[in-house]
Protein chains: 2
Amino acid sequence: MKRTHSCGELSMLEAGQNVTLIGWVAKRRNFGSLVFIDLRDRTGITQCVFDETISDQITSVRNEYILEVSGNVCERKDKNPKMATGDIEIIVEKVTIINSAETTPLLIADETDALEDTRLKYRYLDLRRPVMQKKLIERAQITRVMRRVLDDQGFIEIETPILGKSTPEGARDYLVPSRIHPGQFYALPQSPQLFKQLLMVSGFERYYQVARCFRDEDLRADRQLDFTQFDIETSFMSEDEIIEMTENMLKAVMKEVKGIDVKTPFLRMTWHDAMNKYGSDKPDNRFGYELHDLSDLFVNCEFKVFKDCLANKGVIKAICVDHQSHMTRKDIDHATDFAKKYGAKGLVVLKVLNGTVEGSAAKFFNEDEKAAMIKAMNAQEEDVIFIVSDKWKTACDVLGALRGYFAKEKNLLDVNTFSFLWVTDFPLLEYNEEDGRYYAMHHPFTMPKAEDLPLLDTDPGAVKAAAYDIVLNGYELGGGSLRIYDQKLQEKMFEVLGFTEEKIRSSFGWFVDAFKYGTPPHGGLALGLDRVAMILTGSDSIRDVIAFPKNANARCPMCEAPDSVDPAQLEELHIRINQE
Amino acid sequence: MKRTHSCGELSMLEAGQNVTLIGWVAKRRNFGSLVFIDLRDRTGITQCVFDETISDQITSVRNEYILEVSGNVCERKDKNPKMATGDIEIIVEKVTIINSAETTPLLIADETDALEDTRLKYRYLDLRRPVMQKKLIERAQITRVMRRVLDDQGFIEIETPILGKSTPEGARDYLVPSRIHPGQFYALPQSPQLFKQLLMVSGFERYYQVARCFRDEDLRADRQLDFTQFDIETSFMSEDEIIEMTENMLKAVMKEVKGIDVKTPFLRMTWHDAMNKYGSDKPDNRFGYELHDLSDLFVNCEFKVFKDCLANKGVIKAICVDHQSHMTRKDIDHATDFAKKYGAKGLVVLKVLNGTVEGSAAKFFNEDEKAAMIKAMNAQEEDVIFIVSDKWKTACDVLGALRGYFAKEKNLLDVNTFSFLWVTDFPLLEYNEEDGRYYAMHHPFTMPKAEDLPLLDTDPGAVKAAAYDIVLNGYELGGGSLRIYDQKLQEKMFEVLGFTEEKIRSSFGWFVDAFKYGTPPHGGLALGLDRVAMILTGSDSIRDVIAFPKNANARCPMCEAPDSVDPAQLEELHIRINQE
């Protein structure tokens, strides 16, 4: 087997040459005494012509057979400008059938109407579709560019353990029973967080890893049991420096993989501004519909809902959607139901028509309020204004979700626009009413902003973190933070989180002990590689950029994992199945 | 924090410049009113001098404190030629104590007498030792070069699942209970073997992955629960082409990481020749002591042991170790005990003295035999000849082990010599007397050598495989094979292995089904990256080139994994612990 060229590269430049190609039969057509075969490899397709002197050798050949063909490159009579090799064809002089193929259960073509479980069951065929090959190839390129950019800056790739220890806080762990230590379990890592920080304690200064991470959560379109994180940690770098380094890495990826120049520095906004303006901590700013605060405008409004809201320290916020006045009662109910999923008690919907606002709630507002509203929102004729009066966070969440709802409905989510931005100054802590305690918004090792340190004692909820998320088109690509490197501050943090001394010892003792021996200031971030690849390849799901993903039911329809196992295996692992 | 230079780079070129360094205090000495501090980062060490104007600011500073120092680069009076920066020192004008450090439980220096469990418990400090940093940095370089060489040849890195399915054959699996599917388990992959072959079915043609693999086996110095494999698979390439590609990759690694030109092509020998000449399928040819077959020479020998051996189709093989006649009775007993571990029933030991052979067994041989023996072995005065008479395989195993025994004793294993070679033509099958069946020597998908196909029916044990191992200094770095891509041949192979139809269906059904749809000829190999790094960094154990390894008891002394877990976790996973 010796091919001289791939199936995607021949053009008039090679006309007259004798070449040998190897590939899969993508299509076979008989035309009089001639047989035309489109031969496909991972680079593309070339048309091969078998005349009557040779066509009898391929009578059995059907789609997906593998052939080696040799012949002359000739100019085509009917050129196909849509095909990279459309100017030429091979007049085949010699053919070898390398392997045969049964009819495939799904069509090997970019377009498919196969169900996802069929695609996953025959994933090896699904991946033979050129569009899928392109996605995985692009994913590999993304990783390669990221690695190279960091390698060039003295980063060291270091592998951390997959068989680790179960830790409290965070998501559910996958456990692995130990054979050698009865009744004990390893846990698969949710991230290399602790290990990468220890590598900074070790003085490696610049670490990265393309790390497999595991979370036993229920699956969604952009979640998998295991996922891949481009994980970075550095010593002695400031938040700005880490952000700049990441931007340069992503800029190189966009340039080299997508051929797109993205401008740096990326837009940065604080968490508060992101929530306030976009109703999201991962705002998509490819489109408008920004949130406006109308509280001041309605401060004397007689509408009871607004009045009560403002009296309870709530806010009145709104978005304005253009050319939306065609909405029917049903459309409005649908949008209201959607808003309720995000915590809205109700939705005030006003159409801008005839220079004023109309709608069932319009009667609650006087003309001044109506005019002020239109002006504040810069609303145009036929726009629709959606108002939510609620606690600030709820109003933001609801309107942020509505923004996305209408952007999708109005087809504003252009997959070829890539809008990167940073969200910074996250709250350090989240208060959980149920438990009556604070939880770390990122993790308990996140550094508070220096200027907020005094608040840790007086108003922990107001403390902001040196934490930052990188966002692309409304998706959180990843995030990171500076870490606490001072032991006293770490102790204070545990105290605020309400961890007992015993809990600290048993959960993190081995980790915090490490910080006694000369820990450098450090910080880093992690990018969700699956998600980066999903967005850059214009895919709807991370499953499209993972070679062999699990389905939404956490199962591999191809190999049928998970599966029952031999009882002797469980015996050796000192466990048995609960028969419920 | 803004350093201008690293601690390893300053020389007289920077003399007179003002610089800022950040690093760990490696050593502190007081000398009159001066304080000398060796400041260390991952690149090296620089001497910093604090005079009486500033030394009071560092009275508290001890080893492993982190300092930022600024000052002038000056020529040293007492230059230290052993130190890269030994020509200069910094006269410190400004110092900031970035963090303090308690006394470390192990010394941060290349040499350590700490026990391995102490080193692993405080791995973050162990890894702070420059010698350990160097190993991990070199490991990262090795991986980087391998990736680049393959990237440049159009290989695509693709990740395969970590949560897979338990398969029969092979080593013990690690299992992961499923929460969503009660009583079912994922298995961690022993290798990406099946997935990489499916990627060839998908038409990717050239795949690689730096893959984490898992085998629940008892540990040795060069084994870990999980290990890393540089995993490669290609379509349409011959055995020779795969071998050549691998050689070029390793040649680049040796050149770029070690600065050593290794000659390609590497030596190749068949499995039979390797066993016959070196008594090993992973021969170390940095030294001699090759095995000689003396069966013909002793064909008329009256010595009963030899006579019986030859009558039973055994062989008489020997090695000759130079300048070894100083061996005492005790030394000989020791060597004999060692040989017995490898299956020897006994060992004939003969010293070459006074032009003949001496020793307790010498009386069994006549003068002709003695002379012939000396001549055949090219033995010199004071050499010692070790003879084993046994089945061919046992004789080879024993003498191969003895070769290594004496090479080690005589210090012939030069860690700076790198001797690569290929072992080819492995037997396809191994017969297991106990089970009365054949096992696949590599795995059931290995291609038999084309010329041996007819033997599959008549003499399966004699069939050789298109399988090859790459060996370095007596270690198997890795190996691979061409794979069966013909369905009929695969069925025949299963038949020879005695797999029932049911077993094939339940174990490999999903896999062999894939081969129906146009499978290309394919093959590949996998390199044990930990082992490659171990040898190239001159380490004794793979644990030295893994950031956070488990100890020989499969435990992480640092985080204490595995550990007991919350009963609620097990409940969720539908398992309970067997109380035995």
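The figures that follow rest on heavy atoms only: side chains count, while hydrogens, waters and symmetry mates do not. Chain identifiers are assigned alphabetically (A, B, ...) following the order of the sequence lines, protein sequences preceding nucleic acid strands; residue numbering begins at 1 within each chain.
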Taking all non-hydrogen atoms of both residues, which atom of B:R212 and which atom of A:T160 are closest, and how far apart? NH2-O, 2.7 Å
Aromatic plane relationship, B:Y124 with A:Y517 - under 30° parallel, 30 to 60° tilted, over 60° perpendicular: parallel
I'd like to verify something: which residue of B:G203, B:S564, B:A140, B:S100 has the highest number of heavy-atom pairs under 4.5 Å with chain A?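 Winner by heavy-atom pair count: B:G203.
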Which residues pass the side-chain contact (heavy atoms from CB on, under 4.5 Å) test with A:K121, sequence neighbours left out?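 For A:K121 the side-chain contact (heavy atoms from CB on, under 4.5 Å) partners, ignoring immediate neighbours, are A:P557.
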Do the side chain of [X] and the main chain of [Y] share a donor and acceptor less than 3.5 angstrom apart?
X      : Y      : result
B:N99  : A:D486 : no
A:D563 : B:S166 : no
B:K516 : A:E102 : no
A:H181 : B:R555 : no
A:W24  : B:G518 : yes

Looking only at side chains, do A:R172 and B:Q569 share a donor and an acceptor under 3.5 Å apart?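 No, no side-chain donor-acceptor pair sits under 3.5 Å.
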With a 3.5 Å cut-off and no angle check, do the side chains of A:E159 and B:T228 form a donor-acceptor pair? yes
Separation of [Y] [atom2] from [X] [atom1] (nearest 0.5 Å):
X      : Y      : atom1 : atom2 : answer
B:K2   : A:M237 : NZ    : CE    : 8.0 Å
A:I156 : B:L136 : CD1   : CG    : 8.0 Å
B:Y122 : A:S202 : OH    : OG    : 14.5 Å

Against chain A, label [X] side chain, backbone, both or neither, depending on which of its atoms sit under 4.5 Å from a heavy atom there.
X      : result
B:Q141 : neither
B:E217 : backbone
B:Y207 : neither

Looking at A:E205 and B:R40, does any basic side-chain N land under 4.0 Å from a carboxylate oxygen?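 Salt bridge flag = no for B:R40 with A:E205.
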Output yes when A:R179 and B:D173 qualify as a salt bridge under the 4.0 Å nitrogen-oxygen rule, no when they do not. no
Would B:L198 and A:L127 count as a side-chain contact (heavy atoms from CB on, under 4.5 Å) if you check the C-alpha gap in whole Å, the side-chain angles of each, and the deciding distance to 0.1 Å? CA-CA 10 Å; B:L198 291 178; A:L127 291 178; over 6 Å; no
Can you find a heavy atom in the side chain of [X] that is under 4.5 Å from one in the side chain of [Y]?
X      : Y      : value
B:F204 : A:Q133 : yes
B:I577 : A:R576 : no
B:F185 : A:I575 : yes
B:Y174 : A:L573 : no
B:F236 : A:D41  : no

A:L188 versus chain B, the contacting section by heavy-atom distance below 4.5 Å: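 Looking at A:L188, just its side chain touches chain B.
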Could you tell me which of A:T103, A:L175, A:N63 has the largest number of non-hydrogen atom pairs under 4.5 Å with chain B? A:L175
Sequence neighbours excluded, which residues qualify as salt bridge (charged side-chain N to carboxylate O under 4.0 Å, His left out) partners of A:R147? A:E157, B:E157
Test side chain to side chain contact (heavy atoms under 4.5 Å, CB included) applied to B:L225 and A:I162, A:V176, A:L163, the passing residue: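 That would be A:L163; it is the only one of A:I162, A:V176, A:L163 passing the side chain to side chain contact (heavy atoms under 4.5 Å, CB included) with B:L225.
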